[in-house]
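Structure first, then comments.
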Amino acid sequence: MSLIPQPIAPIPQRTASVARNAFPKGTIVMHLRDELDSPYGDEDFLDLFSRRGQPGWSAWRLAMITVMQYISDLTDRQAADAVRGRIDWKYALSLELEDPGIDASVLSEFRQRLVNARVEQKLLDKLLARCIEKGWLRGHRQQRTDSTHVSAAIRNINRLELIGETLRAALNSLAAVAPNWLSSVVSPDWFDRYSRRVEDYRLPESKDERHLLALTIGADGHHLLNAIYADCDAPDWYWEIPAVEVLRQVWIQQFYLDARGQLYLRENQGKPPAAQQICSPYEIEARFSRKRSSSWVGYKVHLTEICDRTSPHLITHVETTSATTADCTLTQPIHQALKEKDLVPKEHIVDTAYIDAPELVNSKQIHDIELIGPVLPDSSWQALSPDGLDRAKFEINWDEQSARCPQGHLSKSWERTVDRRGQQTVKIVFPYKTCQACPLKERCTKAKKAGRTLTLRPQQQHDALQVARAYQKSDDFKQRYAVRAGIEGTLSQGIRAFGLRRCRYRGIAKTRLQHIITATAINVVRLVNWLQERPFSETKISHFARLANTG
């Protein structure tokens, strides 16, 4: 399929007349077309299509349909029907009333082209660029960021179901491409175990029987893998079957062989970390994670939005990550992405998860962004004790590379090291004899065979951390940080109205596309409301809570 760039066609006169008569106040998609014409053009998607072949539908129309589909929360088939049957959609797409529209498969093909070319960000960025061009985004001083969990498009399964389904998926794939070879490898009892989906209610109830079944499945899986990798009669291309590769990885993660070749099920301490562990054979990129009382298998989405009073609260950037990715690793990539969009804020308001000493320094030095949010307090027992001598009570001389304790004693050594997370630190040690004889020892250190040890960040990070800890106790900080609460409303809107917390597709690449389209759809709704001067919804207060205000 090829693409021949065409200018955006004007709205047919008959379509415009019927649409305006049917919808005197307009609809969201009609306002989108009236205010923005179209944020997309065919030339924006030239790289997605071949230069030769049968001409396809206009790329700008496909991009518009993709966004409008999410605004109305429609499936591909429903969106294709809307193109054929809804007058306001024909208005937004410059189509004649008699236009037959498109087949539903064209939409999934267009999304796949976006993912393959890695240009899905254009759907959001082009809309933001048009808003900047119109002058609607100016003086974006404040932005805020938060994340929420996203459940993968799979059912939650336990460990026994995982290994059973992984082997069953590999058998199904082999049965489709190599039925004769597979028949010579399996035994008749395999058909009883793996012909149906492995579900918990069909599994044994006792712990010993479940363990025995897991070892039986493990032995069957090893037999199949040995037949594929060790048997000379098995073609090499069997190794490249995706389900077989997943089987190999899951078996490494869940089982091991001892020196005698005996198969064992790995205990918890022998299993890989959550960031590497496959949770489903049908969605191998989804990971298990837990945050406070919530646990899920899937991903995380990070939304950044403008929160100035003079600008529409549009989402400026979207990041989709594995469920196990720490939020603080996204702070600098978000800043860099905002810089590339010419949307760098003066103040970036985030919660504790996005802030650490390196982020405080790098945000200011690299992008001139003030990172506002509560940093983690000193968690040492000295800081938690009312009369403890925490790190803040020591005088640090960075030029002379020495420290002085509250009693006036100098440190004996100063060493630059790297902690377990790979971050630069400074290790300061005080003399053993001095600390043991100190009258404040019980308030300072519990070490019996060593002096007090301080572990600090490099000077700039240490100073930034101390300033932030002191500032977050002030009323000014509390007033500025209160703005961050508004991002919860954005997450709620995405979850309730746009299905943000549930994957429509499988794989992190398609999930990222879903989140970008969702953010674009939210922006369209918010932009239309802002242009029509519709006020924000007020926070709902229960009837009982109102009694406290009226009394």
Side-chain angles (χ1 to χ4, degrees), residues 1 3 5-42 44-45 48-49 55-114 120 122-124 126-127 130-131 314 493-494 497-499 504-505 513-514 516-532 534:
M1 183 178 292
L3 175 63
Q6 299 289 339
I8 297 176
I11 302 172
Q13 184 175 359
R14 195 158 65 97
T15 300
S17 176
V18 173
R20 292 193 177 106
N21 288 331
F23 303 100
K25 296 182 179 180
T27 65
I28 289 179
V29 296
M30 291 174 66
H31 290 306
L32 169 63
R33 180 59 193 272
D34 290 337
E35 299 293 346
L36 296 176
D37 194 11
S38 171
Y40 313 110
D42 285 347
D44 297 327
F45 305 99
L48 274 62
F49 297 87
W57 241 52
S58 298
W60 76 267
R61 286 193 174 104
L62 294 177
M64 289 279 285
I65 294 171
T66 300
V67 175
M68 295 190 299
Q69 172 186 0
Y70 272 63
I71 292 174
S72 301
D73 192 20
L74 304 179
T75 64
D76 287 352
R77 191 176 298 276
Q78 290 170 335
D81 289 341
V83 175
R84 283 187 290 271
R86 289 181 55 169
I87 299 172
D88 56 338
W89 280 47
K90 291 183 180 292
Y91 179 96
L93 299 172
S94 296
L95 296 178
E96 297 286 352
L97 295 178
E98 299 84 2
D99 194 287
I102 57 172
D103 185 79
S105 62
V106 176
L107 296 176
S108 61
E109 180 186 348
F110 179 68
R111 291 195 302 269
Q112 189 62 54
R113 290 177 184 271
L114 291 172
E120 60 271 12
K122 282 187 176 182
L123 295 177
L124 177 62
K126 288 295 180 180
L127 177 65
R130 180 60 62 87
C131 291
L314 302 185
Q493 181 183 14
F498 297 91
R504 291 192 178 199
Y505 321 113
L513 172 65
Q514 174 190 339
I516 291 171
I517 301 173
T518 300
T520 307
I522 292 175
N523 280 352
V524 169
V525 173
R526 290 186 168 190
L527 185 61
V528 169
N529 290 337
W530 182 77
L531 290 172
Q532 295 184 343
R534 294 179 183 173

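Atoms considered below: every heavy atom in the structure, side chains included; atoms not considered: hydrogens, waters and symmetry mates.
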R130 side chain vs L36 backbone, donor-acceptor pair below 3.5 Å: yes
N/O donor-acceptor pair under 3.5 Å between D44 side chain and G41 backbone: yes
Under the side chain to side chain donor-acceptor pair (under 3.5 Å) test, residues paired with S108 that sit two or more places apart: none
Q6 backbone acceptor or donor facing D42 side chain under 3.5 Å: yes
Rounded distance [0.5 Å steps], CZ in R86 versus OG1 in T27: 7.0 Å
Heavy-atom closest contact (A92 atom, M64 atom, distance): O-CE, 3.9 Å
Gap separating the CH2 atom of W57 from the CG atom of D103, nearest 0.5 angstrom: 11.5 Å
Shortest non-hydrogen contact from F49 toward A59: CE1-CB, 4.2 Å
W89 CH2 to S72 OG distance, which is reported to the nearest 0.5 Å: 5.0 Å
Salt bridge (charged side-chain N to carboxylate O under 4.0 Å, His left out) partners for E109, two or more places apart: R113
Crowding at NZ, K126 (>12 non-hydrogen neighbours, <6.0 Å): no
Donor-acceptor under 3.5 Å (Q514 side chain, R504 main chain): yes
Reported CG-to-OG1 distance for the pair L513 and T66, which is rounded to 0.5 angstrom: 8.0 Å
side-chain contact (heavy atoms from CB on, under 4.5 Å) assessment of L48 paired with L3: CA-CA 9 Å; L48 274 62; L3 175 63; over 6 Å; no
Whether F45 and Y40 hold their rings parallel, tilted or perpendicular, with breakpoints at 30° and 60°: tilted
Interatomic distance, L62 atom CG to I102 atom CD1 [nearest 0.5 angstrom]: 6.0 Å
D73 side chain to F498 backbone, donor-acceptor under 3.5 Å: no
Any side-chain heavy-atom pair of L123 and L114 under 4.5 Å: yes
Whether over 12 other heavy atoms sit under 6.0 Å from R84 CZ: yes
Value rounded to 0.5 Å, distance of CD1 in I522 from CG in L527: 13.5 Å
Within-4.5 Å side-chain heavy-atom neighbours: R111 and D76: yes
Shortest non-hydrogen separation from G101 to V83 and the atoms involved: CA-CG1, 3.8 Å
Any donor-acceptor pair under 3.5 Å from T520 side chain to I516 backbone: yes
Heavy-atom pair with the smallest gap, counting every atom of I65 and L107: CG2-CD2, 3.6 Å
Pair V18-K90, side-chain contact (heavy atoms from CB on, under 4.5 Å): steps then yes or no: CA-CA 10 Å; V18 173; K90 291 183 180 292; over 6 Å; no
Residue pairs involving residues 17-36 (criterion salt bridge (Lys or Arg N to Asp or Glu O under 4.0 Å); sequence neighbours excluded): R33-D37
Side-chain ion pair, D99 and R61, N-O less than 4.0 Å: no
Donor-acceptor contact below 3.5 Å, side chain S94 vs main chain A9: yes
